There are 4 protein chains.
Amino acid sequence: MRILFIGDVVGDQGMDMIQTYLPRLKRDLKPQATIVNGENATPVGRGISEAIYKALLSSGADVVTMGNHVWDNREIFDFIDSTKKLVRPANFPGRDVPGRGFTTLQVNQKKLGVINLQGRVFLPPLDDPFQVADRIVDELRQQTDMIFVDMHAEVTSEKRAMALYLSGRVTAVVGTHTHVQTNDGQILTGGTAFMTDAGMTGPDDGILGMKPEAVIGRFLDQRPARYEVATGPNKQLSGCIVDISDTTNQATAIKPILINRDHPYLN
Amino acid sequence: MRILFIGDVVGDQGMDMIQTYLPRLKRDLKPQATIVNGENATPVGRGISEAIYKALLSSGADVVTMGNHVWDNREIFDFIDSTKKLVRPANFPGRDVPGRGFTTLQVNQKKLGVINLQGRVFLPPLDDPFQVADRIVDELRQQTDMIFVDMHAEVTSEKRAMALYLSGRVTAVVGTHTHVQTNDGQILTGGTAFMTDAGMTGPDDGILGMKPEAVIGRFLDQRPARYEVATGPNKQLSGCIVDISDTTNQATAIKPILINRDHPYLN
Amino acid sequence: MRILFIGDVVGDQGMDMIQTYLPRLKRDLKPQATIVNGENATPVGRGISEAIYKALLSSGADVVTMGNHVWDNREIFDFIDSTKKLVRPANFPGRDVPGRGFTTLQVNQKKLGVINLQGRVFLPPLDDPFQVADRIVDELRQQTDMIFVDMHAEVTSEKRAMALYLSGRVTAVVGTHTHVQTNDGQILTGGTAFMTDAGMTGPDDGILGMKPEAVIGRFLDQRPARYEVATGPNKQLSGCIVDISDTTNQATAIKPILINRDHPYLN
Amino acid sequence: MRILFIGDVVGDQGMDMIQTYLPRLKRDLKPQATIVNGENATPVGRGISEAIYKALLSSGADVVTMGNHVWDNREIFDFIDSTKKLVRPANFPGRDVPGRGFTTLQVNQKKLGVINLQGRVFLPPLDDPFQVADRIVDELRQQTDMIFVDMHAEVTSEKRAMALYLSGRVTAVVGTHTHVQTNDGQILTGGTAFMTDAGMTGPDDGILGMKPEAVIGRFLDQRPARYEVATGPNKQLSGCIVDISDTTNQATAIKPILINRDHPYLN
Ligand SMILES: [Fe+2]
Ligand SMILES: [Fe+2]
Ligand SMILES: [Fe+2]
Ligand SMILES: [Fe+2]
Ligand SMILES: [Fe+2]
Ligand SMILES: [Fe+2]
Ligand SMILES: [Fe+2]
Ligand SMILES: [Fe+2]
């Protein structure tokens, strides 16, 4: 089995890259499951709407994961409970949290579990993602031993700690949130694929996908700034491919996907 | 001109990789200048000692840069003022900060300026690195237009903001501190090379180079933990190569260097 | 000389308390100078408008100080440069920061300097308030040795550190920002009055002056919440009185002012 | 019933104040229960030892509460499980956390529950103190409706949010950790006494009880500094008295206790 994962889709340019390249990637790489992080997919780069969510599915996503921006577009409350394919960080606290933190996907004769977790270092104090991961992985493993984790977190240490913690218990831990792809795809002991961050899908000339002037301006004067999705002709799509052995269900390879001006899509 | 930059050297394993591979890299890649981040180079992974500093120079480093761990080994106060080749973050505040925040290196007929800056997002409130960069770049550009910046910072946005801010004014901005190499080397407008993080040089099986048990344990129980440099057979060396046009003095290429079990050194 | 200082005025209820009690306090306590922190004085509890600013002056304020919310109501940019009596944190960085960080007030034959500073612990990395204080205090002391500092900061240690740092150089350091009055008014060595926080002027039944349901709700579910100024019948006014010797210009006493349901105004 | 609570005891000077004044306070104020926060009671101001713990008990404490420094003196692991009278923050995560997060105390015919909680704003991400409080309060209320909560937290909003959250379910919520007593003792709806911070018991001339030179020095140069407990002749004892109706078991009054040079003990 092969999983295609696409990192944080940002704004219209991100959706554009999805609509242009996701069908080609699926045609050429033939993944059996496609997972897309959509926490920044609205035109303003924060949260998701039902229309965008449906556009992601119709472009080829099987599951959409989220992150700290999950609730930023309040429209999500209207549809999150009506779908199995949208997964928000599982460790949001409290009773009756809208939506779900993990899901399963039927892939031929097999099942793939997909979990979304959010780190807590330099992010709000959600419930402990390690405890929550234990609980969900235990539950999912009664159905399947193929589990993909989108670990949405700021610091490298927390993402790698999660990957090592779950090593041998899940198939892949791939980080999101920093919007910059890391060059460290690797197979950990126990057949768990890991990459610290899958990178971002959206405007190439911004900072986190946002217009650089506002971001730099704020660093300079520390006054409130309105962040807007960057414009400009250059766009990127970032993600990774995880290959899984059909006999052991362990990951055998993880490879970065990167499409931008410097890395044109060649197929 | 070609610059070889090596990211945060951690502990004995990091020094081992330096001593084994830096001479080969210099022989094979023929950089005219070699810069090494040494903020974690002592055996305990924090700070630097005079012996380690000298070992870095004799292994081939022309300049050693630092970061937030610069003062962690108090031995540094004994020798930092006696050398031009050790550069600590230029934006440490106050009068009479020991050492220097930038230096120059004679490379044949040319001069290379080297600046070390530290970010402030999720790090202590040093002086504003953007203001400090303005001042130093202005000063250095009276001597040379080849300037290399080691931007030691936590978040991707602050590193990229610095790179875009200095774009066209310096030759390269390369990030350090997260200990994970990013896959985003690029040439910005104005001929400035940029990579969010050069990655780490040291133990391959740890977290930030430290033993995973203690790091994971602390995430689980939030109690004090003693972090020790990881052991185990696997080590890595991370960094990048920046190529500079001899006619324009602008960067023309930036390429990652990564040596580990999965990426053996082939020359 | 006697200075009356009123802590963070929040919303309509805060303005109500100002309009009701500030005239009485001035009549009964006879301060020669009245300083009011107005960073939360708009009806929504964030920033200041020209109308509110003028209402503070006409209620008896001689100088209005601010804090981290200074720029939250963008109307401030329209009038901040046209007045000497509005003081924002002096350590906002960059060139051409709108407004001023300190001012002077003529009080009979004497001059009173008023400085507003903002701390950096758990707040944005403005310029170093200690360095900035040094510079402004030096400048002001060429005109007067009576200087009042509103130190707007989160943690007790940074406020007390500033007070001890300026002890003997200024007349008073009074903290703001936590919206809770501290019980530690004291005269430091050198005749500097200090109180960690003057407290808040506004709704008594909220949290920081905001409706408790939203604040508690956010602690419980970590989802975005709309904070609104608390309603309800109970209101408070908080501040302090600083007495200064006319011969030495040193502070001789600092006493809390607190008016609320439990502490009715008796004069 | 009357409860005497003493805020964070710091170093030898704090222990000195306890040994000098706690017996007198008990003689004069006649509390039926005495609770002391001991998280800084060792000579270095961090953590607690068995000898110090026993000294607190023999000076008159019935229960000792802790805070974020609970594990700083590793000696605590040797005795914390052998006593019912030492209570550490109940929301430390993980299985098999040493010690206990709440206890009960027999007072004549009645029982008093004592809970220690730690906030998470600007502090490590322990388990959610609100959820944990719900669980423990439910459990304790099967035995007693007199419950005292030491809420160890940085910001005023989190402490007040906890007090309002538990209002009507516990007898008192008193904050600790900032080491500065607040002037806001009040009885909330439902008969719950609340004070944002009880203040500190220890050296009067320091910052948080530590030598000011090191703390100020660190603000100035952002380099590592060794914090030592302040010396000097002046000391303080801070805390509060909570009075509880014997018929309703609701709090009827909360009053600050403050003994220092400016507030000598008069009985
Ligand atoms: Fe994102
Ligand atoms: Fe995110
Ligand atoms: Fe490092
Ligand atoms: Fe670092
Ligand atoms: Fe305020
Ligand atoms: Fe504020
Ligand atoms: Fe404490
Ligand atoms: Fe504490």
Side-chain angles (χ1 to χ4, degrees), chain C residues 119-122 128-131 134 154-165 167 175 177-189 195-200 204-210 212-213 215-222 227 234 236 238 240 256 258 260-263, chain D residues 119-122 128-131 134 154-165 167 175 177-189 195-200 204-210 212-213 215-222 227 234 236 238 240 256 258 260-263:
Chain C
R120 303 196 294 181
V121 179
F122 308 137
D128 176 0
F130 293 85
Q131 287 181 45
D134 275 341
E154 181 67 57
V155 296
T156 58
S157 59
E158 196 174 19
K159 290 165 170 172
R160 187 169 174 87
M162 181 61 79
L164 291 174
Y165 186 63
S167 180
H177 180 66
T178 70
H179 289 203
V180 175
Q181 189 175 80
T182 55
N183 190 25
D184 66 337
Q186 60 198 266
I187 304 298
L188 302 171
T189 311
M195 179 181 283
T196 297
D197 208 290
M200 181 258 282
D204 213 11
D205 299 317
I207 297 174
L208 298 167
M210 298 287 139
E213 299 73 30
V215 180
I216 293 172
R218 180 148 192 193
F219 278 116
L220 294 178
D221 65 19
Q222 299 291 335
Y227 287 6
N234 299 312
Q236 65 177 319
S238 303
C240 62
L258 182 58
N260 62 16
R261 193 188 44 178
D262 292 345
H263 303 80
Chain D
R120 302 196 295 180
V121 179
F122 309 136
D128 176 0
F130 293 85
Q131 287 180 43
D134 274 341
E154 182 67 56
V155 297
T156 58
S157 58
E158 197 174 20
K159 290 166 172 170
R160 188 169 174 86
M162 181 61 77
L164 292 173
Y165 186 63
S167 181
H177 181 65
T178 71
H179 289 202
V180 175
Q181 189 175 80
T182 55
N183 189 26
D184 67 339
Q186 61 200 263
I187 304 298
L188 302 171
T189 311
M195 178 181 282
T196 298
D197 208 290
M200 181 260 282
D204 213 10
D205 299 317
I207 297 173
L208 299 168
M210 298 287 139
E213 300 73 29
V215 180
I216 294 173
R218 179 146 193 195
F219 278 116
L220 296 177
D221 66 20
Q222 298 292 335
Y227 287 6
N234 299 311
Q236 65 177 317
S238 303
C240 62
L258 182 58
N260 63 16
R261 194 188 44 180
D262 292 346
H263 303 80

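Each chain gets a letter, A, B and so on, in the order the sequences are listed, and its residues count up from 1. Values in this document were obtained by computation on a predicted structure and should not be read as measured data.
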Interface residue of largest heavy-atom contact number with chain C, from D/His179, D/Gln131, D/Glu158, D/Arg261, under 4.5 Å: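 So the answer, after comparing D/His179, D/Gln131, D/Glu158, D/Arg261, is D/Glu158.
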Part of [X] within contact of chain D (heavy atom distance under 4.5 Å):
X	answer
C/Ser157	both
C/Gln222	side chain
C/Leu258	side chain

Measure up the C/Phe130 and C/Tyr165 rings against each other and bin them: parallel (under 30°), tilted (30 to 60°), perpendicular (over 60°).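 Judged by the thresholds at 30° and 60°, the geometry between C/Phe130 and C/Tyr165 is perpendicular.
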Heavy-atom donor-acceptor pair, D/Thr178 side chain to C/Thr156 backbone, under 3.5 Å: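 Judged by distance alone, no pair lies under 3.5 Å.
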Verify, without hydrogens or angle tests, whether C/Arg120 (side chain) and D/Phe219 (backbone) share a donor-acceptor contact under 3.5 angstrom.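 Pair absent, no side-chain N/O of C/Arg120 close to backbone of D/Phe219.
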So, using salt bridge (charged side-chain N to carboxylate O under 4.0 Å, His left out) as the criterion, who are the partners of D/Asp134 when residues are at least two apart?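 Applying salt bridge (charged side-chain N to carboxylate O under 4.0 Å, His left out) to D/Asp134 gives D/Arg169.
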For D/Asp197, run the side chain to side chain donor-acceptor pair (under 3.5 Å) check against D/Gln181, D/Lys159, D/His177 and tell me which one passes.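 With D/Asp197 as partner, side chain to side chain donor-acceptor pair (under 3.5 Å) holds for just one option, D/Lys159.
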Answer yes or no: is there a side-chain heavy-atom contact under 4.5 Å between D/Val215 and D/Arg218?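 Result no, sub-4.5 Å side-chain heavy-atom pair not found.
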Chain D: which of C/Thr189, C/Ile187, C/Asn183, C/Leu188 shares the most heavy-atom pairs with it under 4.5 Å?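 Top option by heavy-atom pairs under 4.5 Å: C/Asn183.
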Side chain / backbone / both / neither for D/Thr196 at chain C, heavy atoms under 4.5 Å: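 Side chain of D/Thr196 only, per the 4.5 Å heavy-atom cut-off to chain C.
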Where does D/Val155 contact chain C at under 4.5 Å (heavy atoms): side chain, backbone, both or neither?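 For D/Val155, heavy atoms of backbone and side chain both lie under 4.5 Å from chain C.
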